[in-house]
**Q** 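A single structure is presented below for examination.
Scope of the values below: all heavy atoms of this structure, side chains included, with no hydrogens, waters or symmetry mates. So you know, we letter chains A, B, ... as the sequences are listed, proteins then strands, and number each from 1.
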There are 2 protein chains.
Amino acid sequence: MENKVKRNIPDEILTQYDYKPFTTTEIEGMPVQRELPAFKATTGANKLVDSLTDLVKSTVKDGMTISFHHHFREGDYVFNKVMRIIIDNGLKDLTLAPSSLTNVMNDIVVEAIEKGVVTNITSSGMRGSLGDAVSHGALANPVIFRSHGNRARAIETGAIKIDVAFLGVPNADAMGNANGMDGDSAFGSLGYALMDAQYAQTVVLITDTLKPYPNTPASIKQTQVDYVVEVDAVGDPEKIGSGATRFTKDPKELKIAEMVNNVITHSPYFKDGFSFQTGTGGAALAVTRFLRQSMLDNQIKASFALGGITKPTVDLLEEGLVERLMDVQDFDKGAAASMHKNRNQQEIDASWYADAANKGAMVDKLDVVILSALEIDTKFNVNVMSGSDGVIRGAIGGHQDAATAKLTIISAPLVRGRIATVVPDVTTVVTPGESIDVLITEVGIAINPLRQDLMAALSDIPGVPVFTIEELQQMAEKKVGTPKPLEFTDRVVALIEYRDGTIMDVIREVKD
Amino acid sequence: MENKVKRNIPDEILTQYDYKPFTTTEIEGMPVQRELPAFKATTGANKLVDSLTDLVKSTVKDGMTISFHHHFREGDYVFNKVMRIIIDNGLKDLTLAPSSLTNVMNDIVVEAIEKGVVTNITSSGMRGSLGDAVSHGALANPVIFRSHGNRARAIETGAIKIDVAFLGVPNADAMGNANGMDGDSAFGSLGYALMDAQYAQTVVLITDTLKPYPNTPASIKQTQVDYVVEVDAVGDPEKIGSGATRFTKDPKELKIAEMVNNVITHSPYFKDGFSFQTGTGGAALAVTRFLRQSMLDNQIKASFALGGITKPTVDLLEEGLVERLMDVQDFDKGAAASMHKNRNQQEIDASWYADAANKGAMVDKLDVVILSALEIDTKFNVNVMSGSDGVIRGAIGGHQDAATAKLTIISAPLVRGRIATVVPDVTTVVTPGESIDVLITEVGIAINPLRQDLMAALSDIPGVPVFTIEELQQMAEKKVGTPKPLEFTDRVVALIEYRDGTIMDVIREVKD
């Protein structure tokens with residue numbers, strides 16, 4: 001059947017996964033029942049175990065769901081350590097349910113897939129050799145891609161039942177009190193991992209820095225933890241925040257960033273007490289810099305900045321331009337280090353950040369968000385998951401979640417090399433057009449016709465030409481021509497859920 | 001049938017409440033299944049409501065369970081405000097499930113009982129006119145008394161299902177982010193209320209200080225809150241911490257405090273990194289002062305101090321004699337104020353503090369605790385609930401929970417006026433003798449025969465005579481004579497649970 005964004009969802013997928021098709025971005029009134037796992041009470045006398053190998057052997061069984069977080073990003077040692085033990089143990093038919101998969105995890109997941117160790121995956125995204133393997137049908141069952149908020153929802157409601165969570169932490173005491181702020185491999189907020197710590201059947205902390213008891217502040221608490229294992233190193237500090245703080249010098253990116261800032265400052269939301277999420281990457285950092293100057297010039301302060309936090313956002317906090325940082329993840333060392341000293345940098349979990357099945361998440365109070373796109377189509381539907389060759393190389397992240405903001409901006413170049421970004425139809429719908437308000441490219445902007453209220457405010461900004469999105473699509477097509485249509489087999493290799501757990505789209509196996 | 005502490009539990013009570021009799025203080029391996037209430041998702045746009053009266057009318061229905069916390073102690077305005085609306089509304093058959101009941105709540109609860117508004121109560125304790133009324137059979141059903149840790153367990157596992165929690169907070173934003181640290185009526189840790197915020201079906205915050213969004217640090221989070229109501233005042237700052245910081249000048253209390261300190265410092269637990277809980281009251285503060293000097297003299301530092309925190313304990317933290325304060329409740333303004341500036345004063349909820357149905361609570365790591373007693377008998381069983389006249393006038397608090405410490409000291413005078421404290425059999429067993437290690441009175445100490453290992457260390461302390469508990473009981477009897485046995489009817493007016501939810505004792509209606 002065809003869902004609201006006109007994607008054809010095979011009936012067998014609807015049936016097998018008991019999916020409802022995506023119909024709306026409105027979640028008010030959705031019934032929620034959260035489920036906690038049973039466990040046996042303990043005084044915790046024997047939580048500290050010597051051997052990670054023995055612990056993995058005794059806790060992980062065939063068919064189980066295991067989870068990890070991705071806060072160490074490309075500096076992660078924990079995922080490979082644990083997966084090596086699991087593969088060498090000959091375990092079968094596991095479901096991998098990490099908060100996301102970074103490139104450093106790719107090769108070992110491909111190996112685990114090839115050996116039948118992993119037959120199911122749910123993740124925010126995947127790239128590189130893993131995305132390539134999955135797109136070519138390597139995995140037994142379709143990957144389920146979920147946003148950060150949707151993963152929180154799925155864990156809370158039992159759609160993802162984690163049997164064992166292996167959570168790397170830069171410090172912990174022998175009872176399991178841990179935070180992400182101290183230690184050689186500090187990464188700041190433990191936001192995504194806090195879901196696993198609350199809801200997994202068995203919680204294993206892996207750390208290289210054992211602290212005296214009681215270790216505080218305790219983001220993960222002893223009441224949630226079953227085992228603590230000490231290893232030599234949990235991560236490579238150099239790679240935990242790699243590259244993220246680079247400020248762009250690309251003239252096209254700078255032009256887009258300046259236009260983004262112009263759109264924000266001319267919108268009705270740019271007033272004292274407004275809130276924003278800018279994200280990471282060179283262009284996002286440039287937006288933050290422009291926005292800072294606009295806030296100073298107009299004597300406007302923000303109530304909060306949300307999402308993955310970067311050093312430039314911390315600077316705004318310390319300068320008094322932002323009252324609070326609501327921090328689910330830190331993208332660089334500066335942001336991670338500042339958590340410890342800035343009381344107004346509040347750690348939040350993925351549920352509080354972005355969960356639709358909640359009594360109000362931070363994204364529900366968000367005024368302005370700037371998001372990226374691999375593709376955006378003339379219905380404003382956005383793809384951040386599959387490349388122009390149909391191969392999986394992206395992540396939903398908080399894209400669907402934050403797109404519920406009052407002003408959702410997609411910042412993207414019209415074309416990338418010989419590939420159009422603005423297209424007639426995106427390869428994969430991740431975020432529905434109804435939640436996107438403005439597309440900003442280097443040649444000008446397009447306002448979603450659903451947002452007639454924005455037309456007046458944004459139509460006469462000097463240096464910001466307004467087009468219809470069809471016009472932008474045609475400009476892109478004129479530059480790069482019409483690509484040959486992608487060819488796929490009928491086999492579904494991945495499912496894209498919307499943040500409420502309905503089905504948004506499917507990704508099919510690429511035909512080479 | 002008779003349970004482990006030889007208390008006769010009527011069969012109809014065992015059947016009606018599905019109780020198992022108390023058998024052991026060991027909880028390792030107890031199966032636990034926690035239950036969360038269903039709710040409807042919301043973006044939280046309409047949480048802030050104008051009228052407390054209208055909100056109470058629309059949320060509370062006949063037969064429901066409602067809860068409150070007692071962090072405002074004798075300065076509480078919230079309980080009376082809400083109960084007045086409930087009584088005036090003619091509601092019937094409610095279960096009252098506060099974390100405890102302070103004297104300022106007594107009269108209105110008695111009124112609610114008399115009018116049939118409240119027919120069930122579970123609490124940590126009660127005193128005054130309310131204890132008197134209940135002891136004389138005023139309440140339709142027996143009160144269930146639970147320790148702070150047991151209340152956490154009961155809420156988590158659904159033994160207490162809270163329909164509506166009315167939680168007074170000294171600050172909150174319109175979405176429900178709140179803490180106990182700021183505002184005119186700041187009381188510090190929200191420890192007990194955090195259970196209600198997590199598990200109640202409907203959570204109502206009542207505050208006199210509405211903060212800009214987002215309000216941090218958020219001890220109670222917006223994800224837990226349904227409604228926020230602003231009122232003129234939530235508490236009387238002068239009465240929130242009243243009296244607790246008084247340092248005793250009573251020679252008998254000072255003598256006991258000095259002996260307590262001597263027992264601690266001669267025990268095998270007094271070494272670097274030890275932990276302790278002293279509690280409140282003049283004698284406890286005296287113990288803290290003596291202990292401070294001993295720590296300085298012996299160059300010993302504590303890893304943590306636990307429980308209700310007082311200013312003298314905060315002083316130890318600031319002096320570097322204690323590494324962490326694990327803070328479920330603050331007993332005075334000094335302790336409440338210090339939460340904001342001392343990062344090492346960690347707020348903990350009642351579950352983390354003391355819940356037996358957990359993966360390790362703070363009390364499981366406690367070395368030394370000093371507890372009080374209304375009565376202690378020759379089996380070391382302790383009564384902190386009923387007076388010598390059989391009338392309810394006490395609270396379990398964390399008594400059963402903290403008594404699991406490695407060294408549990410009962411500090412009590414041999415007699416109070418013409419009433420013996422050390423008796424052949426306590427009126428009501430609250431904490432079983434097997435978890436009590438040493439009784440300390442002004443004439444000397446008694447060591448529990450179960451703790452032969454302590455005999456050597458504690459037998460030759462200068463100025464600390466050692467007796468058997470039978471000898472102490474006889475000394476007390478010699479001083480005050482043998483009291484006339486209390487007379488009770490057959491009717492059970494209150495149940496004493498142990499911290500694991502088994503039944504420890506019953507309290508019967510007093511016969512006048």
**Q** For B:K301, does the NZ atom have more than 12 heavy-atom neighbours from other residues, nucleotides or ligands under 6.0 Å away?
**A** no

**Q** When you measure from the side chain of A:Q222 to the backbone of B:K359, do you find a donor-acceptor pair of N or O atoms at a distance under 3.5 Å?
**A** no

**Q** For chain A, which candidate among B:P212, B:A356, B:A218, B:P31 shows the most heavy-atom pairs at distances under 4.5 Å?
**A** B:A218

**Q** Between B:Q224 and chain A, with a heavy-atom cut-off of 4.5 Å, which part of the residue counts as in contact: side chain, backbone, both or neither?
**A** backbone

**Q** What is the minimum heavy-atom distance between A:T216 and B:R324, and which atoms define it?
**A** OG1-NE, 2.5 Å

**Q** Mind ranking A:D355, A:I27, A:T42 by heavy-atom pairs under 4.5 Å with chain B and telling me who comes out on top?
**A** A:T42

**Q** Highest number of heavy-atom pairs under 4.5 Å with chain A: which of B:V32, B:V203, B:D226, B:T404?
**A** B:V32

**Q** Between A:D173 and chain B, which part of the residue has a heavy atom less than 4.5 Å away: side chain, backbone, both or neither?
**A** neither

**Q** Tell me the closest heavy-atom pair linking B:G360 and A:T223, and the distance in Å.
**A** O-CG2, 3.8 Å

**Q** Quick check on A:M326 against chain B: is it the side chain, the backbone, both or neither that has a heavy atom closer than 4.5 Å?
**A** side chain

**Q** Are A:K221 and B:I348 close enough that some pair of their side-chain heavy atoms sits under 4.5 Å apart?
**A** no

**Q** Work out which heavy atom in A:P214 is nearest to a heavy atom in B:S303; give both atom names and the distance.
**A** CD-O, 3.8 Å

**Q** Between B:N46 and chain A, with a heavy-atom cut-off of 4.5 Å, which part of the residue counts as in contact: side chain, backbone, both or neither?
**A** neither

**Q** By a 4.5 Å heavy-atom criterion (distance strictly below it), what part of A:M30 contacts chain B: side chain, backbone, both, or neither?
**A** both

**Q** Grab the two heavy atoms, one from A:R343 and one from B:H340, that are nearest each other, plus how far apart they are.
**A** NH1-O, 2.7 Å

**Q** Side chain, backbone, both or neither: which part of A:V225 has a non-hydrogen atom closer than 4.5 Å to chain B?
**A** backbone

**Q** If you round to the nearest 0.5 Å, how far is OG1 of A:T43 from CD of B:E26?
**A** 8.0 Å

**Q** Scan the side chains in residues 33-40 of chain B for donor-acceptor partners under 3.5 Å anywhere in the protein, sequence neighbours excluded, and list what turns up.
**A**
from: B:Q33; atom 1: OE1; to: A:A38; atom 2: N; distance (Å): 3.4
from: B:Q33; atom 1: NE2; to: A:L36; atom 2: O; distance (Å): 2.7
from: B:R34; atom 1: NE; to: B:E156; atom 2: OE1; distance (Å): 3.4
from: B:R34; atom 1: NH2; to: B:E156; atom 2: OE1; distance (Å): 3.3
from: B:R34; atom 1: NH2; to: B:A357; atom 2: O; distance (Å): 2.9
from: B:R34; atom 1: NH2; to: B:N358; atom 2: OD1; distance (Å): 3.3
from: B:E35; atom 1: OE1; to: B:K161; atom 2: NZ; distance (Å): 2.8

**Q** Using a 6.0 Å cut-off, check whether atom CZ of B:F274 has over 12 heavy atoms from anything other than its own residue.
**A** yes

**Q** Which of the residues A:A41, A:S351, A:G44, A:A361 is involved in the greatest number of heavy-atom pairs with chain B at under 4.5 angstrom?
**A** A:A41

**Q** Quick check: do B:E323 and A:Y213 have side-chain heavy atoms less than 4.5 Å from each other?
**A** no

**Q** Could you look at B:Q346 and say if it's the side chain, the backbone, both or neither that has a heavy atom under 4.5 Å from chain A?
**A** side chain

